[in-house]
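Report on the structure given below.
Note that the structure is predicted; figures quoted are calculated from it, not measured.
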Amino acid sequence: MAGRGVTLDAAQEFLDPTLKGQFPDPSSFAGMDAAAAAIVLAVQAAKAIAIFADYDVDGASSAALLIRWLRHMGLEARLYVPDRMTEGYGPSPAAFRRLQVEGADLVVTLDCGAAAHEALETAEVLGLDIVVIDHHLMPRPPKGRSIIVNPNRPDCTSGQGVLAAAGVTFVLLAALNREARRQGLFGGELAEPDLRRWLDLAALGAICDVTRLEGFNRALAHQGLRVMSVWANPGLAALMATAKAVLGAASTYHAGFILGPRINAGGRIGRSDLGARLLSTDDPVEALALAEELEILNAGRREVEQAIVEAAIAAVERGANFDPDAPALVVAGDDWHPGVIGIVAGRLRERFRRPVVVVGVDRAADIGRGSGRSTPGVNLGAAVHAAWETGLILSGGGHAMAAGLTLRPSAIPEFRAFLVEALAGESAAAGPEELEIDALVRPAGATRALFDQFQRLAPFGPGNPEPLVALANVQVAKVDALKNGHLRCILVDPTGGSIKAMAWRAEGGKLGTRLLARAGPLHLAGRLRADDWNGRRGVQLEIEDAADPRQRAA
């Protein structure tokens, strides 16, 4: 903690962050009071409210939060989640027209909408009231009569720019409670809803959207995981059951690697609204049916993803797309499913250690849909938005670490050149990607007790990475190649101490080559993981990187 800048005075709040100590004033968010007033007025007037949500976990979590609050108030909202394949990301003029025809008086967009300028202009012409709850980058303050709440709009002074949309939505619920209280809506048979019971949804969005877990956002994740551990949400409990996972204390692993991929599967290769429906239902039977459908879709997603990963790596390594000195990679392929290209971009970013944009090309429609993942210190979202402002791409934007875009296939070479030039300075300033080691340990000292101590620092994520340890001069005593390129090892040091280790998807890369060679001692960096197989309470190392001690840096 001291090595990460946590002072003694702040230690207790860091280990047990509280909402009471961190919760921001909702009014500090530009547009928040107006948004709460508009929604409460619609509730009072029994108007028809439509929720337009993004198709990822953050959008689904945000939608479920607002649906549950409105349901408590006696109003069942209409849910609309666009189809990734036919509609793409965010609201469109056609979607707003459809919702108005279907009777919507007020549309609340969640995890999207801040950059949907054409759609918002159409809503004004239609006279359709719009409230936008978003967190994506906004280069300019909003125009028009639509209410936009976004901690990343330039004129917002909340200081909460790290929040996912689910975090912003949770603050909106606090503002809604306050406004409804002012209007005298609570009392008698209608009690004020206790928002703490929905903290699991706020935590889910924060973790799965890979936001920085610091300040209020860390408190949301920390307290939300505690609520999640009760597994009172029928949808989350059903997902755990279909995944054959054991219910217990929830962690970022449960949110990010068990729940998140399954919720995302509907938006990636299935029906886009499945995730939001699952998280907002109170019916265990419906929840189980939805979870089983998502489980099947997730299995299909893994197969599609693996095929595209292999094709993309082959395309890069053929040389046509790969420049060892280029600050970014752009790789494209015909008929690559747009629902998984973001995951593929993440895999390639891990392999090549630089920002990557993967584009799936639909030749028949003459359109390419791209998704990118970046490295620390390089703002990919801003570069993609700059490409849109120049007219090079049809649409685009996102976060510093992730971005999405659409473009004409013929523009891909020019976009690649633009991105390389735009990111050259940032990549040079950021320097080579480095691993910051928290501790040097020996195999004999990598005990379950040490692992349990590290867990007191959770939840882990950007802004609070899981402790990274190094083992010096260890020998790979045994290594086995498993399915999907995973490597299982036994490591020993000169004193005879040993530890089990795993290197995920390492075969074929530099790390895997070094481990399989068993040519001499290595310095290894990785993270400790629980090893509870067959009831044992052990520990193993999840290998992140390796270095040959015989090779000295210049």
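- R226 places no side-chain N or O within donor-acceptor distance of the main-chain N or O of H222, the cut-off being under 3.5 Å.
- Rounded to the nearest 0.5 Å, atoms OG (S62) and CG (L172) are 10.0 Å apart.
- Between P443 and L491, the closest side-chain pair of non-hydrogen atoms is not below 4.5 Å.
- In terms of modelled atom types and a separation under 3.5 Å, the side chain of D54 and the main chain of Y89 share no donor-acceptor contact.
- With contacts defined as side-chain heavy-atom distances shorter than 4.5 Å, the pair L15/M1 qualifies.
- By the 4.5 Å heavy-atom criterion applied to side chains, I49 and L66 are not counted as neighbours.
- Residues E214 and P462 fail the side-chain proximity criterion, which asks for heavy atoms closer than 4.5 Å.
- A donor-acceptor contact shorter than 3.5 Å links the side chain of R218 to the backbone of P459.
- Looking only at distances, a side-chain donor or acceptor of R71 sits under 3.5 Å from a matching main-chain atom of S280.
- Proximity of V107 to Y80: side-chain heavy atoms (C-beta onward) are nowhere separated by under 4.5 Å.
- Counting non-hydrogen atoms of neighbouring residues, nucleotides and ligands closer than 6.0 angstrom, the CD atom of E436 reaches no more than 12 such neighbours.
- With values rounded to the nearest 0.5 angstrom, Q540 atom CD is found 8.0 Å from I499 atom CD1.
- In summary, R277 and D283 do not engage in a salt bridge, as defined by a charged side-chain N under 4.0 Å from a carboxylate O.
- One N or O on the side chain of D58 and one on the backbone of A166 form a donor-acceptor pair closer than 3.5 Å.
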Query - From CA spacing to verdict: side chain to side chain contact (heavy atoms under 4.5 Å, CB included), L471, V469 - result: CA-CA 7 Å; L471 281 70; V469 301; 4.2 Å; yes
Query raised in the report: Between L199 and F170, is a side chain to side chain contact (heavy atoms under 4.5 Å, CB included) present by the stated rule, with each step listed?
Result: CA-CA 8 Å; L199 275 167; F170 193 81; 3.4 Å; yes
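- The line from CG of L278 to CG of L288 is 10.0 Å long, rounded to the nearest 0.5 Å.
- Side-chain N or O atoms of Q306 include none that pairs as donor or acceptor with a backbone N or O of R302 at under 3.5 Å.
- More than 12 heavy atoms of other shown residues, nucleotides or ligands fall within 6.0 angstrom of atom CZ in R178.
- For CZ of R536, the number of neighbouring non-hydrogen atoms (other residues, nucleotides, ligands) closer than 6.0 Å is greater than 12.
- A salt bridge is defined here as a Lys NZ or Arg NE, NH1 or NH2 lying under 4.0 Å from an Asp or Glu carboxylate O, and D282 with R68 meets this definition.
- Of the options E542, E350, E305, a salt bridge (charged side-chain N to carboxylate O under 4.0 Å, His left out) to R505 is made by E350 and by none of the others.
- With hydrogens and angles ignored, the 3.5 Å screen pairs no side-chain donor or acceptor of T211 with any backbone N or O of A164.
- Nearest heavy atom pair, residue L435 against residue A525, reads CD1-CB, 4.2 Å.
- Counted within 6.0 Å of CZ on R529, heavy atoms from surrounding residues, nucleotides or ligands total more than 12; the atom is thus considered enclosed.
- When all heavy atoms are compared, the tightest approach of V57 to L204 is CG1-CG, 3.7 Å.
- Between V131 and L106 there is a side-chain heavy-atom pair separated by less than 4.5 Å.
- Contact annotation: the side chain of D134 never approaches that of I148 to less than 4.5 Å [non-hydrogen atoms, C-beta and beyond].
- Counting all heavy atoms, side chain and backbone alike, R373 lies closest to G346 at CG-N, 3.6 Å.
- The backbone N or O of T18 sits less than 3.5 Å from a side-chain atom of E13, completing a donor-acceptor pair.
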Show me the donor-acceptor pairs, under 3.5 Å and distance only, between side chains in residues 181-190 and residues at least two apart or in other chains.
residue, atom, partner, partner atom, Å
R181, NE, E192, OE1, 3.0
R181, NH2, E192, OE2, 2.9
Q183, NE2, E179, OE2, 3.0

Query raised in the report: Run the side chain to side chain contact (heavy atoms under 4.5 Å, CB included) check on T375 and R353 step by step: do they pass?
Result: CA-CA 7 Å; T375 55; R353 301 288 185 178; 5.9 Å; no
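- Between the N217 side chain and the L163 main chain, no donor and acceptor come within less than 3.5 Å of each other.
- Counting only N and O atoms by type, the side chains of D83 and S272 include no donor and acceptor under 3.5 Å apart.
- Residue pairs meeting the ring pair (Phe, Tyr, Trp, His ring centres under 6.0 Å) criterion with at least one member in residues 252-286, sequence neighbours excluded, are Y253-F257.
- In this structure a side-chain-to-backbone donor-acceptor pair under 3.5 Å is present from D194 to R196.
- Of the residues listed (N152, N150, D111), the one engaging H135 in a side chain to side chain donor-acceptor pair (under 3.5 Å) is D111, and it is the only one.
- Between P284 and P234, the shortest heavy-atom distance links the atoms CA-CB, 4.3 Å.
- Residues I51 and A63 approach most closely at CG2-CB, 4.1 Å, considering heavy atoms.
- Across R527 and E466, no two heavy atoms sit closer than the pair NE-O, 3.3 Å.
- Residue pairs meeting the ring pair (Phe, Tyr, Trp, His ring centres under 6.0 Å) criterion with at least one member in residues 194-216, sequence neighbours excluded, are F23-F216.
- The closest side-chain heavy-atom distance from R537 to D452 is below 4.5 Å.
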Requested in this report: Verify side chain to side chain contact (heavy atoms under 4.5 Å, CB included) between L236 and L279, making sure each step is shown before the conclusion.
Outcome: CA-CA 7 Å; L236 296 181; L279 297 180; 3.6 Å; yes
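- Residue H72 holds its NE2 atom at 9.5 Å from CG of L195, rounded to the nearest 0.5 Å.
- The cationic group of R153 does not satisfy the cation-pi geometry with F29, failing either the under 6.0 Å distance to the six-membered ring centre or the 45° limit from the ring axis.
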